[in-house]
There are 2 protein chains.
Amino acid sequence: MSSEPIAAEVLAVIVALVNGEPCVLSLPDAPRLPAGPVLPGHRSLQTAVRAWVEEQTGLSVGYLEQLYTFADRDRDGSGTRTISVSYLGLVRGLTPRAGRWRGWYELFPWEDRRGSDDSGATLVPALKAWAGEAAVRTRRQRCAITFGLDGRPWQPDLALQRYEVLYEAGLVPESPVSSSRSAAQAGTRMDGDHRRVLATGVARLRAKIQYRPVVFELMPAQFTLGQLQACVEALAGQPVHTQNFRRLVEQQHLVEPTGEHAGTGGRPARLYRFRREVLAERQVAGTKLPSVRAR
Amino acid sequence: MSSEPIAAEVLAVIVALVNGEPCVLSLPDAPRLPAGPVLPGHRSLQTAVRAWVEEQTGLSVGYLEQLYTFADRDRDGSGTRTISVSYLGLVRGLTPRAGRWRGWYELFPWEDRRGSDDSGATLVPALKAWAGEAAVRTRRQRCAITFGLDGRPWQPDLALQRYEVLYEAGLVPESPVSSSRSAAQAGTRMDGDHRRVLATGVARLRAKIQYRPVVFELMPAQFTLGQLQACVEALAGQPVHTQNFRRLVEQQHLVEPTGEHAGTGGRPARLYRFRREVLAERQVAGTKLPSVRAR
DNA sequence: GTAATAGTGTCTTTCAGACAGTATGAC
DNA sequence: GTCATACTGTCTGAAAGACACTATTAC
């Protein structure tokens with residue numbers, strides 16, 4: 001199998017809550033994700049990720065899952081092809097030795113829909129202009145679906161598709177379609193295609209919290225239901241219906257009270273801890289096929 | 001970035017229905033998935049997969065998505081590390097020039113729960129024996145969850161986890177835990193870890209049909225609802241409630257009648273075609289977070 | 001006629017979404 | 001007392017699951 005010269009690297013999207021805001025770990029000096037080549041000493045790709053993140057930022061990662069593998073030719077401009085295997089990691093908010101946390105919503109301002117609804121104020125008109133250019137109906141429809149226009153619902157986990165639309169429309173600075181359009185809302189950029197990789201991670205995490213109890217990887221040992229909800233809202237970038245959220249959490253037996261309480265300004269809130277048992281049980285979660293017991 | 005010598009290859013899990021049975025494409029002579037090194041000529045990994053599958057089996061793949069990247073050291077015993085990027089592809093049942101279709105359920109007999117319920121007859125006792133060996137409760141629980149014991153539901157998309165359990169229990173021939181256990185039910189093996197990769201593909205496809213209309217990539221241009229249901233049942237390895245299935249399909253506007261009919265032994269069935277429009281629309285599908293319109 | 005597959009109508013249970021109201025702290 | 005947050009109870013409408021029945025072919 002004599003192939004071309006190939007380099008293999010791992011790329012890490014490490015997420016934590018810093019003061020309640022979802023952040024991604026970057027190198028201290030540049031807006032880059034931690035990354036490094038796969039070395040003979042690494043037993044597996046996971047090992048490689050953990051090693052490089054630790055070396056570059058002093059942080060030891062807990063939860064880690066594979067995200068996606070990128071390998072387009074000349075991704076980095078060098079002659080050889082680089083295969084980048086990206087990983088999504090979650091840590092409980094700590095301060096890394098040498099890394100720097102960058103807020104999701106400084107990088108993707110349009111992804112935060114928790115606050116007042118002027119979110120799309122400058123972006124949406126620019127999008128509509130772009131969609132109107134081509135007489136193609138599909139471009140218009142694509143904007144509508146990804147950004148929830150024309151009465152469609154906003155879907156948090158379409159973060160990657162939204163980034164791709166903005167990229168194609170020339171509304172983010174790194175886009176090759178150098179545009180005359182106002183890119184006011186387009187957020188901070190990162191090196192190379194790291195912002196795209198991050199968007200992949202955001203999308204994956206938003207999708208995953210809907211059917212796996214991964215949120216708890218970001219929470220401290222004890223927390224109130226209010227804090228848990230705030231965490232979910234921060235990740236989803238969307239407010240959540242309080243009462244229904246509580247019902248959902250309780251009836252799935254995801255947490256148990258510790259007996260202690262926390263004063264948070266109003267009535268003291270019960271403190272809860274995550275029931276680790278459900279990690280084993282919780283392979284459950286709904287299938288949608290109308291299955292049948294017996295024929 | 002001077003790293004170690006690395007080889008990059010792509011690995012294809014190509015699925016089609018052959019006489020209504022889900023099959024995977026293998027090389028004609030050996031039970032191996034189509035694979036090949038990434039060459040300088042390949043623009044992307046997808047391109048590489050399409051090229052190698054076409055070269056080795058004469059089949060041109062339609063739908064293709066990335067599955068997982070494997071890169072444990074010495075996966076194939078050679079000195080250099082091989083990074084294998086696996087892909088899942090779907091084709092409408094055609095006869096490949098040089099490939100060979102192998103039935104899912106010859107490879108994974110325990111995954112077919114459509115027929116009479118003696119499926120686990122020989123496997124379950126062996127599993128229970130293994131789970132009973134260690135006093136560890138978790139091993140027992142793991143079997144129960146993956147294989148739906150102790151009154152738990154059978155979950156089709158846990159195919160990979162089930163394979164892993166059998167592997168660890170020494171109940172598949174390729175397991176290093178060479179066992180004295182009866183491996184009667186353990187199915188045909190494949191080269192290397194290809195059976196594990198296939199299990200990953202099976203699991204992914206079973207999960208995906210629940211929230212994306214990918215089934216239609218396996219169906220001919222026209223089909224009856226009965227055929228569609230049989231296809232879903234074949235993939236899921238489980239019978240499906242007929243009336244509810246029809247309601248689901250119709251109310252989601254996934255198909256439209258062509259006006260023609262097909263005689264299938266009983267009352268002639270209406271023929272339908274897939275509504276391609278939904279591929280754009282169908283980003284929809286349920287989020288489970290109790291979102292809220294306005295605060 | 002029977003057997004076999006196709007297709008319709010409806011009932012019940014479950015659950016997501018929404019609203020109203022009570023509880024307990026700080027000030 | 002007011003304000004703010006925490007927590008509980010209940011209504012409603014939309015689906016999922018299940019059942020009974022009718023329709024149209026081959027034999």
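Reckoned from all heavy atoms, side chains included, excluding hydrogens, waters and symmetry mates. The structure displayed is predicted, hence computed values, not measured ones. Proteins come first, then strands; the chains are lettered A, B, ... in the order of their sequence lines, and each starts at number 1.
Atom-to-atom, NE2 of A:H241 to C1' of D:dC11 comes out at 12 Å; the value is rounded to the nearest Å. The CD atom of B:Q227 sits 12 Å away from the C1' atom of C:dA6 (whole-angstrom rounding). Regarding A:E233, its CD atom lies at a distance of 13 Å from the P atom of D:dT5, rounded to whole Å. The CZ-C1' distance, from A:F245 to C:dC15, rounds to 17 Å in whole Å. Nucleotide C:dG17 holds its C1' atom 13 Å from the CD atom of A:Q251, rounded to whole Å. Taking atom CD of A:Q229 as the reference point, atom C1' of D:dC7 lies 12 Å away to the nearest angstrom.
Salt bridge present: A:E111 and A:R206 bring a charged side-chain N and a carboxylate O closer than 4.0 Å. In this structure, B:R114 pairs ionically with B:D112, as a charged nitrogen and a carboxylate oxygen lie closer than 4.0 Å.
If you find the closest nucleotide of DNA chain C to B:G266 and to A:G266, the one lying nearer the 5' end belongs to B:G266.
Contact record, B:L225 with B:F245: O-CE2, 4.1 Å, taken as the closest heavy-atom pair. Nearest heavy-atom pair across A:R162 and A:T146 is NH1-O, 2.8 Å. Heavy-atom minimum distance, B:L127 versus B:C143: CD2-SG, 3.8 Å.
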Protein heavy-atom contacts under 4.0 Å, written 5' to 3' over nucleotides 7-14 of chain C as B (base), S (sugar-phosphate only) or - (none), form the string SB-B----
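B:L90 CG to B:E65 CD: the interatomic distance, rounded to the nearest 0.5 Å, is 7.5 Å.
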